[in-house]
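Data block below; observations after.
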Number of protein chains: 2
Amino acid sequence: MAMRDAMDVLSGKWKIPIIGALRLNGKLRFMDLLREVDGIAAKMLSKELALLESNQIISRTVLNTKPITVEYELTEHGKTLEGVITEIWKWGDLHRKKVIGEKKAA
Amino acid sequence: MAMRDAMDVLSGKWKIPIIGALRLNGKLRFMDLLREVDGIAAKMLSKELALLESNQIISRTVLNTKPITVEYELTEHGKTLEGVITEIWKWGDLHRKKVIGEKKAA
DNA sequence: CCTAGTACTTTCCTTTAGGAAACTACTTAC
DNA sequence: GTAAGTAGTTTCCTAAAGGAAAGTACTAGG
C-alpha cells in the first residue's frame with residue numbers, strides 16, 4: 001500500500017507543479033501561485049493546496065497584513081519528497097529521450 | 001516536461017500494480033495477470049498493457065501454443081524504472097508512518 | 001456439436017477530475 | 001460609496017477514468 005499512498009499524494013495534474021513552484025521560490029502567496037503555476041484555476045489551486053496541507057506536505061500561514069495574505073511553503077516532511085522528485089525527473093528525462101523521441105521520429 | 005512524461009507512464013490505478021507483478025514474477029500471461037493484479041477487470045488490463053507496451057515498458061509475445069497464450073514481461077527500458085519505484089515506495093512508507101498513522105490516531 | 005480455455009473487445013453505466021465564470025467577504029484608498 | 005486587491009467558494013458543465021457483464025474468435029477434447 002506504500003506505493004498507493006505515495007501516488008495519491010502526487011497524483012493529478014497540479015500537485016507536482018505546485019510543489020515545484022514552492023521548491024523553487026520558498027514561500028508563495030495564493031495569488032503568486034496562481035501566476036507561477038501556469039494555467040491553474042483558483043478552484044483547483046484551492047483544492048490541491050488543501051489536500052497537500054492535509055498530507056502535511058505544505059504549511060499555510062495567514063499573515064496579519066491588509067488585505068490579509070496567506071503564505072504557503074513546503075514543510076520538512078514536504079522536503080523529504082526531494083529524492084522522489086529528482087528520481088522521477090531523471091527517469092522522465094531518460095524516457096523522453098529514449099521513447100518519446102522515437103515516436104516523433106517514426 | 002520530464003516530470004509529466006514520467007507521471008503519464010505511471011498514472012492511474014493499475015500501471016504500477018501491473019509493473020509490480022511483472023517485476024516479481026518475470027513473465028506472466030494475460031490470465032495470470034488477471035489473477036495476480038487484485039481486482040482488475042479484463043478491459044482495464046488490456047488497455048493498460050497496450051499503453052505500457054506503446055511506451056516500451058513491457059513486451060508482448062504471442063506463443064504458438066494451443067490455445068495460444070501471450071506472455072508479457074518488463075523490457076530493459078521497463079527495468080530502468082527500478083530506481084523510481086523503490087524511491088516512491090520508500091517515501092510512501094515514510095509518509096504512511098508519519099502522516100497516515102497520525103490521521104488514524106487522531 | 002457442445003463445452004472449456006485462451007485472449008481479448010464491446011457496451012453501457014457511474015464516478016472522478018478538471019475548467020470557466022461568477023460570486024462572497026473583508027479592507028483600504030480614493 | 002465605490003473601485004481594487006486579498007483569498008478563496010460556488011455553480012454548472014465536459015471529459016476522462018474505471019467497472020460489470022456479455023460478446024467475439026480461435027482451438028482442442030469429448
Side-chain angles (χ1 to χ4, degrees), chain A residues 1 3-22 25-55 57-74, chain B residues 1 3-22 25-55 57-74:
Chain A
M1 289 271 75
M3 290 298 304
R4 188 105 305 274
D5 294 334
M7 290 305 285
D8 283 347
V9 170
L10 300 178
S11 69
K13 190 172 177 181
W14 298 114
K15 294 194 196 71
I16 289 181
I18 291 170
I19 292 169
L22 291 173
N25 297 281
K27 300 180 182 180
L28 286 177
R29 291 172 298 135
F30 189 86
M31 292 307 258
D32 295 332
L33 281 163
L34 264 186
R35 292 180 202 109
E36 285 288 327
V37 180
D38 197 49
I40 198 170
K43 186 188 77 171
M44 289 308 296
L45 181 55
S46 173
K47 188 197 287 183
E48 299 290 57
L49 288 172
L51 282 172
L52 289 171
E53 195 193 353
S54 84
N55 277 311
I57 307 304
I58 62 173
S59 62
R60 178 179 183 276
T61 311
V62 179
L63 298 180
N64 199 14
T65 54
K66 300 123 190 184
I68 60 155
T69 50
V70 179
E71 268 180 4
Y72 294 92
E73 67 179 318
L74 290 180
Chain B
M1 291 269 77
M3 289 298 305
R4 188 105 304 275
D5 295 335
M7 291 304 286
D8 283 347
V9 170
L10 301 177
S11 69
K13 191 172 177 179
W14 299 114
K15 295 194 196 71
I16 289 180
I18 292 169
I19 292 169
L22 292 172
N25 297 283
K27 300 179 181 180
L28 286 176
R29 290 172 300 134
F30 190 86
M31 292 307 255
D32 294 333
L33 281 163
L34 264 187
R35 291 178 203 110
E36 286 288 328
V37 180
D38 197 49
I40 197 169
K43 186 189 76 170
M44 289 307 296
L45 180 55
S46 173
K47 187 197 287 184
E48 299 289 59
L49 288 171
L51 282 172
L52 289 170
E53 194 193 356
S54 84
N55 277 310
I57 307 302
I58 62 173
S59 63
R60 177 180 185 275
T61 311
V62 179
L63 298 180
N64 200 14
T65 54
K66 299 121 190 185
I68 59 154
T69 51
V70 180
E71 267 180 4
Y72 295 92
E73 67 179 319
L74 289 179

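Numbers restart at 1 for each chain; the letters A, B, ... are given by sequence-line order, proteins then strands.
Across C:dC8, D:dG18, C:dT6, the shortest atom-to-atom separation from the side chain of B:E48 is found for D:dG18.
Remark: B:S46 is in phosphate contact with C:dT9, judged by side-chain N or O atoms under 4.0 Å from OP1 or OP2. Distances shorter than 4.0 Å separate none of the side-chain N or O atoms of A:R29 from OP1 or OP2 on D:dG8. In terms of phosphate contacts, B:W14 brings a side-chain nitrogen or oxygen within less than 4.0 Å of OP1 or OP2 of D:dG19.
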Going through the distances and angles, do A:E73 and A:L28 end up as a side chain to side chain contact (heavy atoms under 4.5 Å, CB included)?
-> CA-CA 7 Å; A:E73 67 179 318; A:L28 286 177; over 6 Å; no
Step by step, would you call B:V9 with B:K15 a side chain to side chain contact (heavy atoms under 4.5 Å, CB included)?
-> CA-CA 8 Å; B:V9 170; B:K15 295 194 196 71; 5.7 Å; no
Check against side chain to side chain contact (heavy atoms under 4.5 Å, CB included), A:L10 and A:I19 = CA-CA 9 Å; A:L10 300 178; A:I19 292 169; 4.1 Å; yes
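Closest-nucleotide positions on DNA chain C for A:I40 and B:V70 were compared, and the one nearer the 5' end corresponds to B:V70.
The CG-P distance, from B:L45 to C:dT10, rounds to 16 Å in whole Å. Rounding to whole angstrom units, CG of residue B:D32 and P of C:dG5 are separated by 15 Å. The distance from atom CG of A:L34 to atom P of C:dG19 is 13 Å, rounded to the nearest whole Å. For the pair B:E36 CD and C:dA7 P, the interatomic distance rounds to 14 Å; values are reported in whole Å. What separates CZ of B:F30 from C1' of D:dA25 is a distance of 14 Å, to the nearest Å. Atom pair B:N64:CG and C:dA7:C1' shows a separation of 15 Å (rounding to whole Å applied). B:L63 places its CG atom 12 Å from the C1' atom of C:dA7, with the value rounded to the nearest Å. Atom CE of A:M44 is separated from atom C1' of D:dT14 by 14 Å (rounded to the nearest Å).
No donor-acceptor pair under 3.5 Å is formed between the side chain of B:S46 and the backbone N or O of B:K43.
Proximity of residues 5-13 of chain A to DNA chain C (heavy atom under 4.0 angstrom from any strand atom) is restricted to A:G12, A:K13.
Contact record, A:F30 with A:L45: O-CD2, 3.6 Å, taken as the closest heavy-atom pair. When all heavy atoms are compared, the tightest approach of B:L33 to B:I40 is O-CG2, 4.4 Å. Smallest separation of non-hydrogen atoms from A:N25 and A:A21: ND2-O, 2.7 Å.
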Could you list the donor-acceptor pairs under 3.5 angstrom formed between side-chain atoms of residues 60-70 of chain A and any protein atom two or more places apart in sequence or on another chain?
| residue | atom | partner | partner atom | Å |
| --- | --- | --- | --- | --- |
| A:R60 | NE | A:Y72 | OH | 3.3 |
| A:T65 | OG1 | A:P67 | O | 2.9 |
| A:T65 | OG1 | A:T69 | N | 3.1 |
| A:T65 | OG1 | A:T69 | OG1 | 3.0 |

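Here the side chains of B:M7 and A:M7 are in contact, with some heavy-atom distance below 4.5 Å.
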Letter by letter from the 5' end, nucleotides 20-30 of chain C scores (B base, S sugar-phosphate only, - none; protein heavy atoms under 4.0 Å) B------SS--
